[in-house]
Amino acid sequence: MGWNLFFWLIICFPLNVALLASTFYQILILTDLEADYVNPYEASSRINYFVVPEFIGQAALCALFLLTGHWFMIFLTVPITAYHMTLYAKQQHLLDVTEMFRVVNAEKKYRIVKFALYLLTLAVVVFRSSCRIIAAGIMLFHNFKFEDVRSTLFEF
């Protein structure tokens, strides 16, 4: 019970929040580029800074789910991990400065879909960790004996 709670709260939750924040930041940068608040060089350099760490975090999360046997979570994370690996293998994972205005709508839609997937994964992680906390509380309460408390309170 303790390992599962540690896995969901200490490992999966912060990693999932980091992936969610990274994707949200990339969507904000693309929106600023559309509104002409940032130039294409600045937008591409800011987004490219987060691409490889996001790929590594997503692959690590998928590998952790595989190693711990959480099959539903693997089915949620494998498609995006496979797509990331394909992009990285084709050397298409970084945004090109010269093509920023041409691909801004497609990149924004892609990142919104990723954001929705990460949000779904975060909801499942929060649900699973809260179920583990409730189960730990029930086990603690179930093993607690009221007779022991009553006998220690009235022994004087």
Side-chain angles (χ1 to χ4, degrees), residues 1-140:
M1 177 60 75
W3 165 248
N4 273 333
L5 187 60
F6 175 79
F7 176 73
W8 290 108
L9 279 179
I10 306 301
I11 297 172
C12 290
F13 183 74
L15 190 56
N16 224 340
V17 168
L19 291 171
L20 198 64
S22 169
T23 306
F24 184 70
Y25 179 72
Q26 293 172 22
I27 292 170
L28 283 178
I29 294 297
L30 290 170
T31 305
D32 285 349
L33 181 67
E34 277 183 340
D36 208 23
Y37 292 135
V38 295
N39 59 25
Y41 176 76
E42 190 175 335
S44 65
S45 65
R46 285 182 183 181
I47 290 173
N48 289 341
Y49 180 76
F50 287 103
V51 169
V52 174
E54 180 186 354
F55 285 10
I56 292 170
Q58 176 65 30
L61 193 64
C62 189
L64 282 173
F65 289 144
L66 180 66
L67 291 175
T68 56
H70 295 96
W71 303 112
F72 178 71
M73 297 302 288
I74 290 172
F75 292 131
L76 277 178
T77 57
V78 160
I80 195 74
T81 305
Y83 185 68
H84 285 168
M85 289 171 43
T86 305
L87 284 177
Y88 191 77
K90 292 180 180 179
Q91 295 293 321
Q92 296 175 347
H93 59 288
L94 299 177
L95 292 176
D96 188 18
V97 177
T98 59
E99 298 181 358
M100 282 297 289
F101 285 115
R102 188 177 64 82
V103 297
V104 69
N105 287 330
E107 289 292 329
K108 191 173 167 186
K109 288 176 186 174
Y110 161 64
R111 282 173 172 76
I112 287 173
V113 169
K114 257 193 339 187
F115 184 77
L117 182 69
Y118 290 155
L119 199 58
L120 176 68
T121 307
L122 181 71
V124 172
V125 165
V126 167
F127 177 74
R128 294 287 302 254
S129 60
S130 63
C131 286
R132 298 291 178 191
I133 290 172
I134 290 170
I138 289 172
M139 286 179 57
L140 181 68

Kindly compute the distance separating [atom1] ([X]) from [atom2] ([Y]), expressed to the nearest 0.5 Å.
X      : Y      : atom1 : atom2 : answer
Met85  : His93  : CE    : NE2   : 13.5 Å
Arg46  : Ile29  : CZ    : CD1   : 4.5 Å
Asn16  : Thr121 : CG    : OG1   : 5.5 Å
Leu66  : Ile74  : CG    : CD1   : 4.5 Å
Tyr88  : Ile56  : OH    : CD1   : 7.5 Å
Lys114 : Leu20  : NZ    : CG    : 11.5 Å

- May I ask you to test the Tyr37-Thr31 pair for a side-chain heavy-atom distance under 4.5 Å? no
- Message: Walk me through whether Lys108 and Ile112 qualify under side chain to side chain contact (heavy atoms under 4.5 Å, CB included).
- Response: CA-CA 6 Å; Lys108 191 173 167 186; Ile112 287 173; 4.2 Å; yes
Practice task
Would you confirm whether Ser45, through its side chain, and Glu42, through its main-chain N or O, come within 3.5 Å as a donor-acceptor pair?
Solution key: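 Indeed, once roles are kept as given, a pair shorter than 3.5 Å links the two residues.
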Does Ser22 use its side chain to pair, donor to acceptor, with the backbone of Ala18 at less than 3.5 Å?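 Not confirmed, Ser22 side chain does not pair with Ala18 backbone.
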Distance-minimising heavy-atom pair for [X] and [Y]:
X      : Y     : result
Arg111 : Thr23 : O-CG2, 3.3 Å
Gly57  : Leu15 : O-CD2, 3.7 Å
Val97  : Ser44 : CG2-OG, 3.0 Å
Cys62  : Thr81 : CB-OG1, 3.7 Å
Leu19  : Glu54 : CD2-O, 3.6 Å

Subject >> Stepwise side chain to side chain contact (heavy atoms under 4.5 Å, CB included) check, Leu76 with Phe65 >> reply: CA-CA 10 Å; Leu76 277 178; Phe65 289 144; over 6 Å; no
Note to self: Looking at Phe55, I'd like to know if its CZ atom is crowded, meaning that more than 12 non-hydrogen atoms belonging to other residues, nucleotides or ligands lie closer than 6.0 Å.
What the structure shows: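 Correct, the count exceeds 12.
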### Task
Give the intermediate values and the outcome of side chain to side chain contact (heavy atoms under 4.5 Å, CB included) for residues Leu64 and Met73.
CA-CA 10 Å; Leu64 282 173; Met73 297 302 288; over 6 Å; no
Discussion item. In terms of relative ring orientation, are Phe24 and Phe115 parallel, tilted or perpendicular, with 30° and 60° separating the classes?
Written reply: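 Phe24 vs Phe115 ring planes: tilted.
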Intermediate values then yes/no, side chain to side chain contact (heavy atoms under 4.5 Å, CB included), Tyr83 and Tyr110: CA-CA 11 Å; Tyr83 185 68; Tyr110 161 64; 3.3 Å; yes
